[in-house]
J.: 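My questions will all concern the structure given below.
This one's a predicted model, so the numbers in the text were calculated from it and none came from an experiment.
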Amino acid sequence: NFVAAAVSKEVGLAGPSIHSMFLANHKLYSRMAERNPIRFSGFRLNSDLWRQSLTFPVHIKPMSLFFSLLQRTVYSEEELEIAVQELRSSLPKWERPFCELFRHYVNEEQYPLANEYSFLVEEFVDDVVSQHAVEGWTDANRNHYIWAVSDNNYWPGIGSSLDSNTVPTCLSPEMADKVSKVALDTVERFDMSNGFWNVEIWIRSNGRVQVTEVNGRICASMTPLYRSVYGKSQYLPVLKLSCGQPVDLITDTPQEPIGVGG
């Protein structure tokens, strides 16, 4: 999505801004842009400031997330030491393309860690009641729209691996609205435009609604479910957005579901 934004800028096509796609791709500045983020700190890879007092467990990940690559949860200072050493060995190999792109396109004064090898240490979230994904899009005038809210369902046993995604959401209308408002507030703060996005969200046991991550693209793995449940695919409206055409809110987007899908 960052490359798409850069291409759009270079050749004058309608597309998301480089700034918004940078925020979606750089996990430190993404957290800094959120209104109500989980606890987090960012550290340069060649620094020792990460040895500061931390409340364990914490979750460690590279700035530019590639699935769960090089991520881990650590429970002690000893495990943290091992994790940082592994990052110092492996992270530059994976982060180099991101850093080179950011160095070319992103304002270094505004985002000094954009083109440096660094990593994120953040709160380990283990009190989640449920997790959801809000997919939507933003037009050229920066009006934001919801496409669908889905549920991420986790196996309840040890490991809590993701078991399925389902639509439509089983949240109450009130809670679905609350989750959607957090997503819309987040993409507004990310300055999204001319494209699709999806915001992954936790509902925690204390009632807080917090962002897991923001992606500046369609959620393509959900397309077959959307087709089956709503009779609509994101590809037509995203193509219209790319060509600078308006999206018809009645004919192009999901209305009432005709079933459920997982």
J.: Do you see a donor-acceptor pair shorter than 3.5 Å between the side chains of Asp151 and Ser130?
T.: no
J.: Distance-only check: which donor-acceptor pairs under 3.5 Å involve side-chain atoms of residues 211-220, not counting sequence neighbours?
T.:
{"residue": "Glu213", "atom": "OE2", "partner": "Asn215", "partner atom": "ND2", "Å": "3.3"}
{"residue": "Asn215", "atom": "ND2", "partner": "Asn198", "partner atom": "OD1", "Å": "3.0"}

J.: Looking at every heavy atom in both Phe56 and Tyr75, which two are closest together, and how far apart are they?
T.: CB-O, 3.6 Å
J.: Salt bridge check, Glu86 against Arg72: does any charged N sit closer than 4.0 Å to a carboxylate O?
T.: yes
J.: What I want to check is whether the side chains of Thr223 and Gln234 have a donor and an acceptor closer together than 3.5 Å.
T.: yes
J.: If you apply the rule side-chain hydrogen bond (donor to acceptor under 3.5 Å, both in side chains), what do you find for Gln255 with Thr253, and how did you get there?
T.: CA-CA 7 Å; Gln255 304 299 315; Thr253 68; 3.3 Å; yes
J.: Do Ile201 and Thr186 have side chains that get closer than 4.5 Å, going by heavy atoms?
T.: no
J.: Please determine whether the number of non-hydrogen atoms from other residues, nucleotides or ligands lying under 6.0 Å from atom CD of Glu108 exceeds 12.
T.: no
J.: I need the full list of salt bridge (Lys or Arg N to Asp or Glu O under 4.0 Å) pairs touching residues 234-253, with sequence neighbours left out, sorted by first then second residue.
T.: Lys240-Asp252
J.: Under 6.0 Å from the CD atom of Glu256, do we count more than 12 heavy atoms belonging to anything else shown?
T.: no
J.: Applying salt bridge (Lys or Arg N to Asp or Glu O under 4.0 Å), which residue pairs with at least one partner in residues 45-58 are found, sequence neighbours left out?
T.: Asp48-Arg51, Asp48-Arg88, Arg51-Glu81
J.: Between Asn25 and Ser64, do the side chains contain an N or O donor and an N or O acceptor separated by less than 3.5 Å?
T.: no
J.: How would you list all residue pairs meeting salt bridge (Lys or Arg N to Asp or Glu O under 4.0 Å) that involve residues 130-147, not counting sequence neighbours?
T.: Arg142-Asp191
J.: Who are the side chain to side chain donor-acceptor pair (under 3.5 Å) partners of Trp147, not counting sequence neighbours?
T.: none
J.: Can you name the nearest heavy-atom pair linking Asn36 to Arg208, along with the distance?
T.: OD1-NH2, 2.8 Å
J.: Is the shortest distance from a Lys or Arg side-chain nitrogen in Arg31 or Glu34 to a carboxylate oxygen in the other one below 4.0 Å?
T.: yes
J.: Can you give me every donor-acceptor pair (side chain of residues 178-185, partner residue at least two apart or in another chain, under 3.5 Å) with its distance?
T.:
{"residue": "Ser180", "atom": "OG", "partner": "Ala176", "partner atom": "O", "Å": "2.9"}
{"residue": "Lys181", "atom": "NZ", "partner": "Asp177", "partner atom": "OD2", "Å": "3.2"}
{"residue": "Asp185", "atom": "OD1", "partner": "Arg35", "partner atom": "NE", "Å": "3.2"}
{"residue": "Asp185", "atom": "OD1", "partner": "Arg35", "partner atom": "NH2", "Å": "2.6"}
{"residue": "Asp185", "atom": "OD2", "partner": "Arg35", "partner atom": "NE", "Å": "3.0"}

J.: Using 4.0 Å as the upper bound for N to carboxylate O, is an ion pair formed by Glu123 and Arg204?
T.: yes
J.: Assess, by modelled atom type and distance only, whether the side chains of Glu10 and Tyr105 contain a donor and an acceptor separated by less than 3.5 Å.
T.: yes
